[in-house]
Novice: 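Here it is, the structure in full.
This structure is a prediction, so every number in the text was calculated from the model and none was measured. The analysis underlying the following values was restricted to heavy atoms, covering all of them including side chains, and did not include hydrogens, waters or symmetry mates.
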Amino acid sequence: MLLCCTIFCHAQDAKDFMFGTALDLAKTDYEGILKKAQFSAEGHYFFTRSITASAGFDVWTSDGVSFVLGGRWYPMDNFFTRVRGLIGENDIALGAGWNQVLSDRWRFEAMADFYFKGDFAMRAGVMYVVPHK
């Protein structure tokens with residue numbers, strides 16, 4: 001029975017879109033509580049069930065906005081790796097994350113990123129899946 005549930009409760013399908021937002025929980029360059037907060041908004045397009053292209057924005061309260069282009073690879077439905085290029089910060093981030101299905105459309109995500117400039121960040125957020133018709 002559990003096996004049947006996991007087969008039908010997959011996270012996404014090819015041609016689905018996913019939109020969401022996340023907030024940094026910790027980052028190595030923090031200057032104090034909410035003095036340098038960071039959040040992101042991004043969208044994903046699923047080429048296959050395991051490969052996405054993404055675009056969005058990262059916003060820092062003290063540094064401004066960076067446009068972000070990237071992608072994800074899901075080796076398993078609830079685990080992903082990602083690469084993101086931050087245009088504005090002129091940086092690249094490599095990361096990994098986990099998502100928990102909350103409903104047929106909503107996901108909770110937690111992830112960590114290493115930035116080539118030397119920072120490390122952990123963030124959490126929610127995603128909304130828009131299935132293709």
Novice: Taking atom CG of Asn99 and atom CG of Asp77, what is their separation to the nearest 0.5 Å?
Specialist: 8.0 Å
Novice: Using side-chain heavy atoms (C-beta onward) and a distance below 4.5 Å, is Glu42 in contact with Met18?
Specialist: no
Novice: Only counting residues at least two apart or in another chain, list the ones meeting ring-ring contact (aromatic ring centres under 6.0 Å, His included) with Phe67.
Specialist: Phe57
Novice: Shared ILVMFWY cluster between Val126 and Val101, side chains joined below 4.5 angstrom?
Specialist: no
Novice: Considering residues, nucleotides and ligands other than Lys117, do more than 12 of their heavy atoms fall under 6.0 Å from its NZ?
Specialist: yes
Novice: If you take all heavy atoms of Phe79 and Gly97, which pair is closest and at what distance?
Specialist: CD1-O, 3.2 Å
Novice: Check whether any side-chain N or O of Thr48 sits under 3.5 Å from a backbone N or O of Ser50 as a donor-acceptor pair, and report yes or no.
Specialist: yes
Novice: In Å and rounded to the nearest 0.5 Å, what is the CE to CG distance from Met111 to Leu25?
Specialist: 9.0 Å
Novice: Same cluster for Val130 and Ile51 if Ile/Leu/Val/Met/Phe/Trp/Tyr side chains link at under 4.5 Å?
Specialist: yes
Novice: Output the distance between atom CD (Gln100) and atom CH2 (Trp106), rounded to the nearest 0.5 Å.
Specialist: 15.5 Å
Novice: For the side chain of Asp113 and the backbone of Ala121, is there at least one donor-acceptor N/O pair under 3.5 Å apart?
Specialist: no
Novice: For Trp73, what residues pass the ring-ring contact (aromatic ring centres under 6.0 Å, His included) criterion, not counting sequence neighbours?
Specialist: none
Novice: Suppose we screen for salt bridge (charged side-chain N to carboxylate O under 4.0 Å, His left out). Which residues come up paired with Glu109, at least two apart in sequence or across chains?
Specialist: Arg72
Novice: Give, for atom CZ of Phe114 and atom OG1 of Thr28, the distance between the pair rounded to the nearest 0.5 Å.
Specialist: 9.0 Å
Novice: Are Phe19 and Tyr128 an aromatic pair by the rule of ring centers under 6.0 Å?
Specialist: no
Novice: Please name all residues satisfying ring-ring contact (aromatic ring centres under 6.0 Å, His included) with Tyr115, sequence neighbours left out, ordered by chain then number.
Specialist: none
Novice: Please evaluate residues Gln38 and Asp58 with respect to the criterion side chain to side chain donor-acceptor pair (under 3.5 Å), reporting the C-alpha separation (whole Å), side-chain torsions for both, the decisive distance (0.1 Å), and the verdict.
Specialist: CA-CA 7 Å; Gln38 179 177 335; Asp58 274 9; 3.2 Å; yes
Novice: With a 3.5 Å distance limit and no angle check, can you tell me whether Ser66 reaches the backbone of Glu89 through a side-chain donor-acceptor pair?
Specialist: yes
Novice: Can you see which heavy atom on Arg49 is nearest to which on Ala14, and at what distance?
Specialist: CG-N, 4.0 Å
Novice: Tell me, with the steps shown, if Trp60 and Phe39 meet side-chain contact (heavy atoms from CB on, under 4.5 Å).
Specialist: CA-CA 7 Å; Trp60 290 268; Phe39 70 93; over 6 Å; no
Novice: Going by the rule ring-ring contact (aromatic ring centres under 6.0 Å, His included), which residues pair with Phe17 if we only count those two or more places apart in sequence or in a different chain?
Specialist: Tyr45
Novice: Who passes side chain to side chain donor-acceptor pair (under 3.5 Å) against Ser40, sequence neighbours left out?
Specialist: Arg123
Novice: Check step by step if side-chain contact (heavy atoms from CB on, under 4.5 Å) holds for Arg84 and Leu69.
Specialist: CA-CA 6 Å; Arg84 302 179 323 129; Leu69 291 173; over 6 Å; no
Novice: Kindly indicate whether the side chain of Leu102, heavy atoms from C-beta on, has any atom under 4.5 Å from the side chain of Arg107.
Specialist: no
Novice: Indicate the ring-plane relationship of Phe108 and Trp98, choosing parallel, tilted or perpendicular according to the 30° and 60° boundaries.
Specialist: perpendicular
